[in-house]
Number of protein chains: 2
Amino acid sequence: MQDPSSRPGLTGNEVLAAVLQVRDGSLQVLLWQRAQEPHAHRWSLPGGRLCDTEDVETSIRRQLAEKVDVRKLAHVEQLAVFSAPDRVPGPRVVASAFLGLIPCDVDPEVPADTAWYPVDELPATAFDHEAIVQRARGRLRAKLSYTNLGFALAPPEFTISALRELYSAALGYGVAATNLQRVLSRRGLLEPTGHTAPPGPAGGRPAALFRFTGHGMLVTDPFAVLRPPSTA
Amino acid sequence: MQDPSSRPGLTGNEVLAAVLQVRDGSLQVLLWQRAQEPHAHRWSLPGGRLCDTEDVETSIRRQLAEKVDVRKLAHVEQLAVFSAPDRVPGPRVVASAFLGLIPCDVDPEVPADTAWYPVDELPATAFDHEAIVQRARGRLRAKLSYTNLGFALAPPEFTISALRELYSAALGYGVAATNLQRVLSRRGLLEPTGHTAPPGPAGGRPAALFRFTGHGMLVTDPFAVLRPPSTA
DNA sequence: TCAAAAGTGTTTCCAATACACCCATGT
DNA sequence: ACATGGGTGTATTGGAAACACTTTTGA
């Protein structure tokens, strides 16, 4: 008897990614318009079938690189498993959903049938993909607050005001530049490059350029409350 | 409890749970000793194959209820997908891992080949199950700090010192009773029942009994820093 | 009356927000 | 000079930890 899990098309596992980027001042997600039924013309997340020889993260990275030319992911992490028996028509497919982040200075080439949409103004989406996008947005917003995840949205060098706009767009509310700088500096996440950006057309003091000190995700605030007793 | 990897030909999805409970003053996990190869005699997490007609959470709840008589789970949540191609011998099996919590006042009946182990003193574990237990412990510790998840470890009524011991055991460091009470009270998570517990044999003031006000998980501290601007 | 355990009042400390003020550049 | 945007110094606030002190019981 043949092992069904080795037959392509029958294994019920797929990987999907909500790839987020701040574009034009808003947090946007990369969607792909389905050509065929079911859910023709609706918009879905990039991804595809999970192969037997790769783990889920390898798989989503490969599929994004192959299908939508997204190679410059600054961060990838698991969101959750979506496994409702009726989440897609036909045999049940278990989806491992991911959050992917792209720095705002890169504009990856994407196929003609894909487009960026603000996460707050999604078009008609396919299957349960809208829930995945919402989950991704929530995860990003939470982690911006207690990790160094900003590095995955920011370009290599940036001014504080540019960073302020990034954080404001991603969080959905205004953050003050002065507080942002101090919070990130206190945690040792920011360092000046020594360079400055040219002033705008109306003049003004040239802004200092900064970079993030690290490029892997780091939890900076492990506990909100109930911290361990001070050793002193 | 069946071993999915010993039954090739079935779909490559399983569900596993790290069921945690505070027992004897330490955070413990329910493990099941494997009888057969591979990894005979090693200890593994309860769980089993995912059926086509149920989602992963339904599945893990069913399997825990059926196989190890754990029906009194106060909280269940997804941890992550474990999907390395070589995580188990034979065809790859994708595992959806869960965290389960049991209040310390219930002692579920478990089969003879299962046992509770402190998460800090695990025996020889099977496959990648130790990593899952570590992930579960980390998740619990983090969420105790910014959610009301304590309700899932505590009995229906408790004294503040009993709650202090629960939190201390779960977090792995001492918390002060006075601060614990104030932190939880400030968030409106605790309410007095009006009753008191009898003093110990050596006397002492009788302790007031409290209960948690809600029994679904609630995020009480959405952001550690970068909070939205005050509306006032 | 004393010991033991529980609970409250108060102080200290720290980090984040808010805001006023100074700095550097183009016109 | 002055307008414009950038940056720093300082005050305020709020919540958590630490600690001293009071309360209530049993022996």
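The sequence lines fix the lettering, A, B, ..., with proteins before strands; numbering per chain opens at 1. These figures come from a predicted structure and were not determined experimentally.
Rounded to whole Å, the distance from CG on A:Leu209 to C1' on D:dG5 is 15 Å. The distance from atom CD of B:Gln181 to atom C1' of C:dA5 is 14 Å, rounded to the nearest whole Å. Straight-line distance from the CG atom of B:Leu180 to the C1' atom of C:dT8: 16 Å, rounded to whole Å. Atom-to-atom, CZ of A:Phe223 to P of D:dA16 comes out at 14 Å; the value is rounded to the nearest Å. As a whole-Å value, the separation of A:Leu226 CG from D:dA18 C1' is 15 Å. For the pair B:Arg182 CZ and C:dT8 C1', the interatomic distance rounds to 6 Å; values are reported in whole Å.
Nucleic acid contact for A:Arg227: sugar-phosphate only, since backbone atoms but no base atoms lie under 4.0 Å from a heavy atom of the residue. Nucleic acid contact class of A:Ala208 (heavy atoms, under 4.0 Å, all strands): sugar-phosphate only.
If you check residues 148-170 of chain A against DNA chain D, the residues with a heavy atom closer than 4.0 Å are A:Ser161, listed by number. Residues from residues 185-194 of chain A lying near DNA chain C, meaning a heavy-atom separation below 4.0 Å, are A:Arg186, A:Arg187 in numerical order.
When the shell of 6.0 Å around CZ of A:Arg135 is examined, it contains 12 or fewer heavy atoms from other residues, nucleotides or ligands.
The ring-ring contact (aromatic ring centres under 6.0 Å, His included) search around B:Phe98 returns none, not counting sequence neighbours. The side chain to side chain contact (heavy atoms under 4.5 Å, CB included) check on B:Ala208 picks up B:Phe210, with sequence neighbours excluded. Every residue meeting the side chain to side chain contact (heavy atoms under 4.5 Å, CB included) condition with B:Arg164, not counting sequence neighbours, appears here in chain and number order: B:Ser168, B:Val175, B:Ala177, B:Leu180. In this structure, the salt bridge (charged side-chain N to carboxylate O under 4.0 Å, His left out) partners of B:Arg23, at least two apart in sequence or on a different chain, are B:Asp107. Shown here are the ring-ring contact (aromatic ring centres under 6.0 Å, His included) partners of B:Phe223, two or more places apart in sequence or in another chain: there are none. Annotation: salt bridge (charged side-chain N to carboxylate O under 4.0 Å, His left out) contacts of A:Asp113 (sequence neighbours excluded): none. Listed by chain and number, the residues in a salt bridge (charged side-chain N to carboxylate O under 4.0 Å, His left out) with A:Asp55 amount to none (sequence neighbours excluded). Residues satisfying the ring-ring contact (aromatic ring centres under 6.0 Å, His included) criterion with B:His215, sequence neighbours excluded, are B:Phe151.
Within the structure, every pair that satisfies the side-chain hydrogen bond (donor to acceptor under 3.5 Å, both in side chains) test and touches residues 142-156 of chain B, not counting sequence neighbours, is listed here: B:Glu77-B:Lys143.
Mapping B:Phe210 and A:Val183 onto DNA chain C by nearest heavy atom places B:Phe210 closer to the 5' end of the strand. Take the nearest nucleotide of DNA chain C for A:Asp221 and for B:Thr178: the residue whose nucleotide is more 5' is B:Thr178.
Residue A:Ser230 places none of its side-chain N or O atoms closer than 4.0 Å to OP1 or OP2 of D:dA17.
Donor-acceptor pairing under 3.5 Å is lacking for the side chains of A:Ser83 and A:Arg87. When only modelled atom types and interatomic distance are considered, B:Glu54 and B:Ser59 share a side-chain donor-acceptor pair under 3.5 Å.
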Under 4.0 Å protein heavy-atom contact, by nucleotide of nucleotides 22-27 of chain D - B base, S sugar-phosphate only: -BBBSS

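Counting only heavy atoms from C-beta on, B:Asn179 has its side chain closest to D:dA17 among C:dT8, D:dA16, D:dA17.
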